[in-house]
2 protein chains.
Amino acid sequence: MDTNEQIERALREVGLRVTRPRVAVLAAVAAHPHADAGTVLAVVREGLPEVSHQAVYDSLHTLADAGVVRCIQPTGATARYETRVGDNHHHVVCRKCGDIADVDCAVGEAACLTASHDHGFTIDEAEVTYWGLCPRCSAARSEP
Amino acid sequence: MDTNEQIERALREVGLRVTRPRVAVLAAVAAHPHADAGTVLAVVREGLPEVSHQAVYDSLHTLADAGVVRCIQPTGATARYETRVGDNHHHVVCRKCGDIADVDCAVGEAACLTASHDHGFTIDEAEVTYWGLCPRCSAARSEP
DNA sequence: CTCTTCTTTTGACTGATTCAAGAAAAGGAG
DNA sequence: CTCCTTTTCTTGAATCAGTCAAAAGAAGAG
């Protein structure tokens, strides 16, 4: 579990000022991986009721730009954030309940960037989203 | 190019009623792959000025549910639609201009579904989004 | 401690998408 | 061909995520 001190250090390391909203946002994202902006806002306000939604959005963007958090947005859902960055992992999304879980890159880093230069595009990242059913929804469907 | 007759047949095949808005929407998506809802609406109205935006949204949803069109939504962009379905292809998205192009599955079908059952999820589809620069933006960056 | 600069607050606003109720049209039965 | 039922469309308002802008407020350098 990240302590506030660790969070502050992480912010300073990327050259960001340490402010209450930012610390709270980063802590919230760390504690609730794959949370959307609304959830982050709610969680942040639990410990810091006065923050504006604007500050939360701004913090999320700033942190995402700095590479401290990552923003993902599967089809049909609002933006979600997570603190696990830089390790090329992907996501499984439940078609039924929208639950998201992390999946380590299964086919190796090389394969993830295959298809480079198709159509002349210069590709620098491959994002993989697996779609299916989470254990709970899967069980609910097979035993109605 | 899809004729209206082909479009009507496609609608009937999946058990949908054939209506003017639906035919127009399907034709528009076929003619403009990767168009967003707003563009589809504009294109549809070129030939059918009276349609409501609601009808277009509804048609897109219905067609997507029926599997006639596919909806994709890369991070940071609005929903986009295409008629190419059922062939497991993926997309390259330009980081700069947002342009989207199709990419055939590069690593073979098997690899695309590797990672099955991680976290107990039952995975039925893998969606891959490649991020990079399109030829135009790539050229603009290297020769300023 | 003071100043400059970056952040937050506040509050209004945009643009995409959805909700709801009645009117209209599609397709099957007679 | 006409009527009837059901689905679909229109209209108009509402919601929701996210953004813009100006002024007030903190963080950190010197």
Side-chain angles (χ1 to χ4, degrees), chain A residues 4-5 7-26 28-29 34-45 47-66 68-69 71-81 98, chain B residues 4-5 7-26 28-29 34-45 47-66 68-69 71-81 98:
Chain A
N4 271 30
E5 229 171 56
I7 290 176
E8 291 186 16
R9 200 177 311 139
L11 287 173
R12 283 186 218 281
E13 265 170 21
V14 293
L16 292 178
R17 286 192 177 175
V18 176
T19 68
R20 282 175 192 290
R22 281 180 185 172
V23 173
V25 166
L26 194 42
V29 175
H34 311 132
D36 59 35
T39 304
V40 172
L41 178 58
V43 171
V44 167
R45 281 189 170 154
L48 208 61
E50 299 300 313
V51 282
S52 59
H53 73 172
Q54 187 65 56
V56 171
Y57 275 107
D58 187 41
S59 298
L60 285 171
H61 287 170
T62 308
L63 293 171
D65 285 348
V68 182
V69 306
C71 170
I72 55 177
Q73 183 172 20
T75 300
T78 56
R80 285 154 184 278
Y81 300 86
Chain B
N4 272 27
E5 229 169 56
I7 289 176
E8 291 186 17
R9 199 178 311 141
L11 287 173
R12 285 198 166 77
E13 265 170 21
V14 294
L16 291 178
R17 288 192 176 176
V18 176
T19 67
R20 282 174 191 290
R22 281 181 186 172
V23 173
V25 165
L26 194 42
V29 174
H34 311 130
D36 58 36
T39 304
V40 172
L41 178 58
V43 172
V44 166
R45 282 189 170 154
L48 209 61
E50 299 301 312
V51 283
S52 58
H53 71 171
Q54 187 66 49
V56 172
Y57 275 108
D58 187 41
S59 299
L60 285 171
H61 288 171
T62 309
L63 294 171
D65 285 348
V68 182
V69 305
C71 170
I72 55 177
Q73 182 171 21
T75 302
T78 57
R80 284 152 184 280
Y81 300 86

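Every chain is numbered from 1 and lettered A, B, ... according to where its sequence line falls, protein lines coming before strand lines.
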Shortest side-chain distance from [X], nucleotide among [options]:
{"X": "B/His61", "options": "C/dT8, C/dT18, D/dC9", "value": "C/dT18"}
{"X": "B/Gln54", "options": "D/dC9, C/dC19, C/dT9", "value": "C/dC19"}
{"X": "A/Ala79", "options": "D/dG18, D/dT10, C/dT8", "value": "D/dG18"}
{"X": "B/His53", "options": "D/dC9, C/dT18, C/dA25", "value": "C/dT18"}
{"X": "A/Leu16", "options": "C/dT7, D/dG28, D/dT8", "value": "C/dT7"}
{"X": "B/Arg12", "options": "C/dG27, D/dT10, C/dG11", "value": "C/dG27"}
{"X": "B/Arg22", "options": "D/dG18, C/dA20, D/dT8", "value": "D/dT8"}

Exercise for the section: Give one of base, sugar-phosphate or nothing for A/Ser52, where a contact means two heavy atoms less than 4.0 Å apart. Expected result: base
Exercise for the section: Answer with base, sugar-phosphate or nothing: what part of the nucleic acid does B/Asp36 contact at a heavy-atom distance below 4.0 Å? Expected result: nothing
From [atom1] of [X] over to [atom2] of [N], roughly how many Å is that when rounded to an integer?
{"X": "A/Arg17", "N": "C/dT5", "atom1": "CZ", "atom2": "C1'", "result": "5 Å"}
{"X": "B/Glu50", "N": "C/dA23", "atom1": "CD", "atom2": "C1'", "result": "15 Å"}
{"X": "B/Leu48", "N": "C/dA24", "atom1": "CG", "atom2": "C1'", "result": "14 Å"}
{"X": "B/Asp58", "N": "D/dG12", "atom1": "CG", "atom2": "C1'", "result": "16 Å"}
{"X": "B/Tyr57", "N": "D/dA14", "atom1": "OH", "atom2": "P", "result": "18 Å"}
{"X": "A/Gln73", "N": "C/dT17", "atom1": "CD", "atom2": "C1'", "result": "13 Å"}
{"X": "A/Leu63", "N": "C/dT8", "atom1": "CG", "atom2": "C1'", "result": "15 Å"}
{"X": "A/Leu60", "N": "C/dT7", "atom1": "CG", "atom2": "C1'", "result": "15 Å"}

Exercise for the section: Count the heavy atoms belonging to other residues, nucleotides or ligands that lie under 6.0 Å from CZ of B/Arg20, then report whether that count exceeds 12. Expected result: no
Exercise for the section: Would you check, one step at a time, whether the test side-chain contact (heavy atoms from CB on, under 4.5 Å) holds for A/Val18 with A/Ile7? Expected result: CA-CA 9 Å; A/Val18 176; A/Ile7 290 176; over 6 Å; no
Fill in the blank from the handout: Of B/Leu41, B/Thr39, B/Val40, the one forming a side chain to side chain contact (heavy atoms under 4.5 Å, CB included) with B/Val43 is B/Thr39
Handout entry: Side chains of A/Thr62 and A/Asp65, donor plus acceptor under 3.5 Å
Key = no
Practice task
Report yes if at least one side-chain N or O of A/Thr19 is closer than 4.0 Å to OP1 or OP2 of C/dT8; otherwise report no.
Solution key: yes
Handout entry: side-chain contact (heavy atoms from CB on, under 4.5 Å) assessment of A/Leu11 paired with A/Arg17
Key = CA-CA 7 Å; A/Leu11 287 173; A/Arg17 286 192 177 175; over 6 Å; no
